Amino acid sequence: MKIPRLYFDTSVFGGVYDIEFIEITKEVNQLTEKYIQEKVVGETSMDECRHVACATINKVDYLVSWNFKHIVNVFRIRGYNAINIKNGYIPLDIRSPKDIIINEN
């Protein structure tokens, strides 16, 4: 069984100041702005959008978060993925930690 690639929503976005990371950081920021412009979430949710954008661009299998208001929310997920598809990215699977724990019982 393939081990899934997971993205947990803890990151630092200072890459725009580092030559090595500037291009990918610009891509993340552009996708983040589209989530805000398309009103998936409000401007105060910029950090949450960055997590979604990073996970999308890096093609992780799951973005895992306890944030049910701005990330793990069926309406937000639909919005994020509509923008992802419109911009040539694959849809992102967003789950809570509870959803990814394997229960062997």
Side-chain angles (χ1 to χ4, degrees):
M1 179 204 266
K2 177 186 163 210
I3 297 173
R5 295 179 66 203
L6 305 175
Y7 176 96
F8 291 85
D9 63 353
T10 56
S11 295
V12 178
F13 295 94
V16 73
Y17 302 106
D18 189 326
I19 299 289
E20 182 179 356
F21 303 117
I22 197 165
E23 290 306 315
I24 190 72
T25 303
K26 283 182 182 178
E27 187 177 358
V28 167
N29 289 339
Q30 289 169 350
L31 191 54
T32 297
E33 287 296 326
K34 288 176 182 173
Y35 296 142
I36 300 293
Q37 288 171 357
E38 296 288 330
K39 301 194 183 324
V40 175
V41 290
E43 288 184 26
T44 59
S45 300
M46 189 70 78
D47 288 339
E48 288 83 358
C49 289
R50 285 189 184 112
H51 294 304
V52 174
C54 280
T56 297
I57 290 166
N58 287 290
K59 300 176 185 170
V60 300
D61 294 314
Y62 301 97
L63 184 156
V64 183
S65 174
W66 284 119
N67 185 332
F68 295 105
K69 184 174 182 180
H70 302 108
I71 298 178
V72 189
N73 172 306
V74 68
F75 302 107
R76 308 278 193 218
I77 294 168
R78 286 181 182 171
Y80 290 128
N81 282 327
I83 293 163
N84 289 350
I85 291 166
K86 185 165 56 169
N87 287 279
Y89 297 101
I90 61 172
L92 177 62
D93 200 343
I94 300 174
R95 302 296 177 119
S96 77
K98 187 172 130 180
D99 292 333
I100 63 163
I101 292 174
I102 299 171
N103 188 350
E104 305 265 337
N105 296 328

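Please read these numbers as outputs of a predicted model, since none were measured by experiment.
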>> side chain to side chain contact (heavy atoms under 4.5 Å, CB included), that's the test. Do Tyr80 and Ile94 meet it? Break it down for me.
In response: CA-CA 10 Å; Tyr80 290 128; Ile94 300 174; 4.2 Å; yes

> Out of curiosity, does Val60 fall in the hydrophobic cluster containing Trp66 (side-chain heavy atoms, cut-off under 4.5 Å, transitive links)?
Replying inline: yes

>> Once side chain to side chain contact (heavy atoms under 4.5 Å, CB included) is applied, do any residues pair with Thr32, and if so which ones, sequence neighbours excluded?
In response: Val28, Met46, Cys49, Arg50, Ala53

> How far apart are the closest heavy atoms of Pro91 and Asn81, and which atoms are they?
Replying inline: CA-OD1, 3.2 Å

> Is it the case that one hydrophobic cluster holds both Val52 and Phe68, taking links as side-chain heavy atoms less than 4.5 Å apart, direct or via other members?
Replying inline: yes

> Mind checking whether Val74 and Val40 sit in one hydrophobic cluster, side chains of I, L, V, M, F, W, Y counted as touching below 4.5 Å?
Replying inline: no

> Roughly how far, to the nearest 0.5 Å, is NE2 of His70 from OG of Ser65?
Replying inline: 10.5 Å

> Are the side chains of Leu31 and Asn84 in touch, meaning some heavy atoms are under 4.5 Å apart?
Replying inline: yes

>> I need the full list of salt bridge (charged side-chain N to carboxylate O under 4.0 Å, His left out) pairs touching residues 73-99, with sequence neighbours left out, sorted by first then second residue.
In response: Glu38-Lys86, Asp93-Arg95

> Is there side-chain contact between Tyr35 and Thr56, with heavy atoms separated by less than 4.5 Å?
Replying inline: yes

>> Just verifying a value: how many Å separate Asn29 CG and Cys54 SG, rounded to the nearest 0.5 Å?
In response: 8.5 Å

> Do Asn67 and Val72 come within less than 4.5 Å of each other through their side chains, counting heavy atoms only?
Replying inline: no

> If you look at every heavy atom in Glu43 and Ile36, which pair is closest and at what distance?
Replying inline: CG-CG2, 3.6 Å

>> Measuring from atom NZ of Lys59 to atom CD1 of Ile90, what distance do you get when rounded to the nearest 0.5 angstrom?
In response: 6.5 Å

>> I need the Lys34 NZ to Gln30 CD distance, nearest 0.5 Å.
In response: 6.5 Å

>> Heavy-atom count check: over 12 atoms from other residues, nucleotides or ligands less than 6.0 Å from Phe75 CZ?
In response: no

> Do the non-hydrogen side-chain atoms of Glu48 and Val41 ever get within less than 4.5 Å of each other?
Replying inline: no

